[in-house]
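Just so it is clear, the values below take in all heavy atoms, side chains as well, and ignore hydrogens, waters and symmetry mates.
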Amino acid sequence: MSPPILKVPSNASGTNPSHVSMPTTSKKRLLNGHLKASSPDYEVQQKHHNDALKPLQNNSDDNGAPGLSSRRPVLHEGLAQKLSAGKNEQGRHKGVVNEQKKAALLKLRKELPIWNHERLIRQSLSGNKDIMLMVGETGSGKSTQVPQFLMTEPWCKRCIAITQPRRVAAISLARRVADEMGMTLGAPACQVGYSVRFDTSIGPNTRIKFLTEGMLLQEMLRDPTLPQYSAVIVDEVHERSVNVDLILGFLRNLVSSKRAAMKVVVMSATADVEGLTKFFQDGLREKTISNGTDRKATKVHSQGTSSSSTGSAKAHHTKDYTVDAFSDRISTCLIKGRQFDVKTTYVHEPTQDFVEEALKTIFRIHCKEPLPGDILVFLTGQETVESLQRLVNEYAGGLDEKTPKILTLPLFAALPQIAQQRVFDKAPHFTRKVILATNIAETSITVPGIRYVIDCGKVKMKHFRNNLGLESLLVKPISMSSAIQRQGRAGREAPGQCFRLYTERSFQELQKVTTPEILRCDLSQALLTIMARGVPVQDIITFPFLDRPSDESLKQALTQLLQLGALNESAHFSHTGKQLARLPLSPTLGRVILEAAKPERDCLSEIIDIIACLSVENIFLNIHTEEKKEAAEEARRSLFRREGDHLTLLATIRAYSEEQSDRRAWSDRHFVSHRAMQNVIDIRKQLRAQCVQMKLLDRNATEGSRMDEDTKAAMLQCLLRGFATNTARLMPDGSYKTMVGNQVVAIHPTSVLFGRKVEAIVFSEFVFTNRSYARGVSAVQLSWVGDVLAGAT
DNA sequence: GAGCACTGC
């Protein structure tokens with residue numbers, strides 16, 4: 001196998017590429033065993049980590065997290081070090097470096113707003129005080145300092161867990177805290193570790209463990225009481241992911257049940273403190289009252305009114321709990337952040353076209369305000385980003401020579417990493433950077449150098465419609481907290497300005513906080529998560545949701561789980577349900593896996609490959625230009641299968657796997673996303689391991705390679721079992737109508753079956769834009785659909 | 001003949 005070519009990111013602004021040292025990279029590639037190390041994402045990580053001696057200077061968020069997200073696994077420094085030659089000397093050297101780092105960092109730590117609160121924070125969790133709610137504004141240092149304050153407390157005998165919504169944040173926080181403690185992340189002696197999907201660095205001495213929310217939930221599957229931890233710190237709660245809501249519910253039960261000695265810290269940037277306090281007080285109160293009284297009645301009393309209103313829990317709770325005997329077990333802590341003033345202006349009249357308004361505002365700022373000071377524009381999606389970019393570039397051509405130049409930089413998730421990285425490069429001389437971003441810049445990526453923010457006031461958001469059972473993406477007004485978050489991006493390094501492309505009146509009318517995800521998504525996976533961690537079906541109604549989803553959406557999710565067999569006929573959580581919960585997949589995709597493992601189907605290896613493809617974003621690149629479109633069609637022809645998109649995916653992953661020399665070049669040739677394919681390979685590996693562990697797959701089973709007629713039929717029937725309700729039949733007029741609900745649905749133009757007429761189809765995705773579309777489509781026999789529908793109901 | 005924000009196991 002010839003080594004892949006190492007691509008050093010090159011760009012016009014002349015960034016020093018010296019952070020990519022060839023020996024290290026080759027070493028990592030050897031250790032990883034395949035092509036991963038040559039991915040540009042890895043280089044980004046290196047760059048940040050080598051900057052450890054000058055922390056908080058760039059790209060560092062509140063947490064010290066690098067701003068750019070990377071999905072690629074990182075190898076542990078400790079392991080790499082052990083395998084390198086002359087390790088003793090290097091180890092000593094490392095020790096000196098560690099001490100130097102530690103000393104340099106201590107100076108910076110002492111300047112953090114949180115530093116003077118150490119005693120108070122320790123006291124807040126001493127004795128019988130179990131819960132602390134902490135509001136720490138951006139830049140307060142809470143994520144890095146609080147675990148270090150607490151780890152030496154007498155009650156802290158075991159590990160401290162601290163959860164993060166994103167992988168990069170967990171990894172870079174761990175690295176930062178290890179540096180502050182003078183340790184080497186990944187070395188056996190290190191007291192700091194992390195755990196994220198596909199990548200773990202935990203040693204025998206780990207005392208502080210950063211992990212993603214999903215990972216903590218995964219650990220609860222083994223033991224819901226989390227006996228390995230003395231404390232759990234839940235960070236970034238204001239983002240209100242489904243997982244964080246579930247974790248808070250479990251932790252409330254845990255603390256109030258007192259089954260385990262457990263301290264809980266809830267941290268947030270803009271928390272609704274009253275709502276959270278009330279939430280945990282209710283838990284403690286409920287437990288006390290339920291001693292000897294009617295448990296059910298108490299539970300209904302304490303949370304029955306929490307309806308699906310979009311606001312926080314605050315609105316429902318009034319005077320009866322304000323003075324509470326349990327409040328001494330809960331403390332609150334407010335830490336000021338480090339934020340410069342941001343002057344905010346509004347438009348006087350509501351605007352029709354925010355792209356045009358943004359264009360005007362950009363040039364108004366550019367011509368009036370001196371350098372330095374880059375502009376960050378918040379837009380809704382790729383399309384608005386690209387059209388504004390065209391406009392700005394067009395107008396920038398007409399600027400006179402005395403005015404600084406403009407460099408426009410797009411920023412959205414679908415953009416290749418190498419292009420995302422450009423927002424971190426220093427602007428060329430006499431040039432102002434204008435970053436055109438989606439919501440990715442609100443939470444995931446912190447762009448340095450921003451003094452001006454332009455906020456269109458809109459966001460693209462997913463909504464789940466219960467009655468139709470489908471999700472759609474809609475452009476919606478942002479919430480007030482989101483507007484404040486965007487505004488704050490202008491004041492990270494110096495006083496800044498924020499231009500809101502909406503009126504002050506519209507701002508006042510915005511929803512206070514963003515509707516939590518749990519109120520607008522399909523709940524089947526969340527319910528599966530809850531039940532697999534020991535909550536019986538009938539107790540779901542009393543699960544402590546911070547915001548309770550509507551009965552209707554709960555019922556819909558239960559119906560879905562019943563159809564998939566996660567609940568048996570007597571509505572108890574079944575063995576199938578337990579198995580589905582162990583798979584890192586949606587319940588429907590999981591069900592397809594379980595079906596494929598049945599002896600009469602016997603196509604698990606093949607199905608795992610297909611499911612791995614379905615659980616990443618599109619593996620085929622979108623083509624924009626006409627000539628490329630033809631080239632892409634030609635190149636992909638060998639991969640297409642007439643049976644439909646699922647077998648096409650299987651053919652693609654197989655061709656990719658068989659490519660031994662240069663998979664990146666293969667991907668480029670076939671207009672396939674190399675990044676997505678690397679992800680597919682990781683997921684396939686994880687799914688195979690999980691299936692082996694669950695005794696569904698033989699350890700020595702070969703990778704999916706069969707494509708005979710019987711296997712093909714078996715695969716499609718497995719897909720049908722998971723997607724029984726995503727089926728449609730051909731009507732005499734040539735349209736397709738769903739078997740359940742009799743709705744018209746069209747095959748999406750990106751499907752290989754587009755324009756074809758087959759008697760019936762099964763599809764893995766249903767999207768609603770201008771009309772209803774089926775995406776991920778395969779042709780099936782009508783009789784099969786009849787069978788599966790009869791069987792499932 | 002379409003047009004998809006962002007995470008995570």
| Earlier contact from the 5' end, DNA chain B, for A/Arg197 and A/Ala414 | A/Ala414
| message | Quick check: on DNA chain B, is the nucleotide nearest A/Val459 upstream (toward 5') of the one nearest A/Met215, or the reverse? Name the residue that is more 5'. | response | A/Val459
Of the nucleotides [options], which one has an atom closest to the side chain of [X]?
X: A/Gln525; options: B/dC6, B/dC9, B/dG1; value: B/dC9
X: A/Thr212; options: B/dT7, B/dC9, B/dG1; value: B/dC9
X: A/Phe412; options: B/dG1, B/dC6, B/dT7; value: B/dC6
X: A/Tyr773; options: B/dT7, B/dA2, B/dC6; value: B/dA2
X: A/Lys460; options: B/dA5, B/dC9, B/dG3; value: B/dA5
X: A/Lys462; options: B/dG3, B/dA5, B/dC9; value: B/dA5
X: A/Glu383; options: B/dG3, B/dC9, B/dA5; value: B/dG3
X: A/Arg167; options: B/dG1, B/dC6, B/dC9; value: B/dC9
X: A/Phe754; options: B/dA5, B/dG1, B/dT7; value: B/dG1

Please report the distance, rounded to the nearest Å, between [atom1] in [X] and [atom2] in [N].
X: A/Ile171; N: B/dT7; atom1: CD1; atom2: P; result: 14 Å
X: A/Leu473; N: B/dA2; atom1: CG; atom2: C1'; result: 14 Å
X: A/Arg533; N: B/dC9; atom1: CZ; atom2: P; result: 13 Å
X: A/Gln420; N: B/dT7; atom1: CD; atom2: P; result: 8 Å
X: A/Glu213; N: B/dT7; atom1: CD; atom2: C1'; result: 9 Å
X: A/Arg688; N: B/dC9; atom1: CZ; atom2: C1'; result: 19 Å
X: A/Gln218; N: B/dT7; atom1: CD; atom2: P; result: 20 Å
X: A/Arg240; N: B/dC6; atom1: CZ; atom2: C1'; result: 17 Å

| query | When you measure from the side chain of A/Asp522 to the backbone N and O of A/Ala557, does any donor-acceptor pair fall under 3.5 Å? | reply | no
| Looking only at atom types and distance, does a side-chain atom of A/Arg591 sit under 3.5 Å from a main-chain N or O of A/Leu564, one as donor and one as acceptor? | yes
| said: If we count only N and O atoms by modelled type, under 3.5 Å, do the side chains of A/Ser605 and A/Arg688 hold a donor and an acceptor together? | reply: yes
| query | Does the distance from a Lys or Arg side-chain N to an Asp or Glu carboxylate O, for A/Arg390 and A/Glu386, drop under 4.0 Å? | reply | no
With sugar-phosphate meaning primed atoms plus P, OP1 and OP2, does [X] contact a base, only sugar-phosphate, or nothing at under 4.0 Å between heavy atoms?
X: A/Leu217; answer: nothing
X: A/Val242; answer: nothing
X: A/Glu219; answer: nothing
X: A/Ser241; answer: nothing

| field | A/His463 vs B/dA5: side-chain N/O to OP1/OP2 distance below 4.0 Å | value | no
| query | Given the side-chain rings of A/Phe766 and A/Phe768, with only the six-membered ring counted for Trp, is the space between their centroids under 6.0 Å? | reply | no
| field | Flag side-chain contact, heavy atom, 4.5 Å: A/Asp235 against A/Lys142 | value | yes
